[in-house]
Amino acid sequence: MVGQIVELVLPILIAAFWGAIAVGILIRFTRAKKGKRIRTATEPLVAAAESYQENLIGKTGMQNLNEASDLDQSK
């Protein structure tokens, strides 16, 4: 009985989660100023991806870029 409920409710919750993300992106896109719409709309997703990367490898992407540019400049 419980397994059947989970099989029914879980896909609905997953769809609602992704739907909420899509609605949030659309709202941010429509409220943003012209010329910066895509950057403003996707900013939370990029921040989440960078946070996820930081948790996986222990360094941020920006930190890696800064270290690489410092190495290039010192040569």
Side-chain angles (χ1 to χ4, degrees):
M1 180 75 177
V2 175
Q4 292 173 345
I5 294 173
V6 170
E7 287 180 11
L8 178 65
V9 173
L10 191 60
I12 294 171
L13 291 175
I14 291 171
F17 173 75
W18 288 109
I21 289 174
V23 168
I25 289 173
L26 286 173
I27 289 172
R28 288 180 63 93
F29 183 81
T30 57
R31 288 185 177 179
K33 293 181 181 178
K34 243 183 184 175
K36 294 188 177 187
R37 289 188 175 184
I38 293 176
R39 177 180 288 203
T40 302
T42 58
E43 195 172 276
L45 292 176
V46 172
E50 189 167 333
S51 176
Y52 180 71
Q53 178 185 4
E54 181 180 350
N55 288 333
L56 285 177
I57 63 173
K59 291 185 179 180
T60 63
M62 294 305 293
Q63 184 177 358
N64 292 341
L65 288 175
N66 290 337
E67 289 174 0
S69 67
D70 290 342
L71 290 175
D72 289 341
Q73 290 176 359
S74 65
K75 289 183 179 180

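Hydrogens, waters and symmetry mates are skipped; everything else that's a heavy atom, side chains included, is used. Nothing fancy with the numbering, it's 1 onward along the sequence.
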Enumerate donor-acceptor pairs with a distance under 3.5 Å from any side-chain N or O in residues 14-28 to protein atoms, sequence neighbours excluded.
{"from": "Arg28", "atom 1": "NE", "to": "Thr40", "atom 2": "O", "distance (Å)": "2.9"}
{"from": "Arg28", "atom 1": "NH2", "to": "Thr40", "atom 2": "O", "distance (Å)": "2.9"}

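- In the hydrophobic clustering, where aliphatic and aromatic side chains (Ile, Leu, Val, Met, Phe, Trp, Tyr) are joined below 4.5 Å either directly or transitively, Phe29 groups with Ile38.
- At a threshold of 4.5 Å between side-chain heavy atoms, the hydrophobic network of Ile, Leu, Val, Met, Phe, Trp and Tyr places Ile5 and Ile12 in two separate groups.
- Taking both residues in full, the closest heavy atoms of Pro44 and Ala41 are given as CD-O, 3.6 Å, listed atom of the first, atom of the second, then distance.
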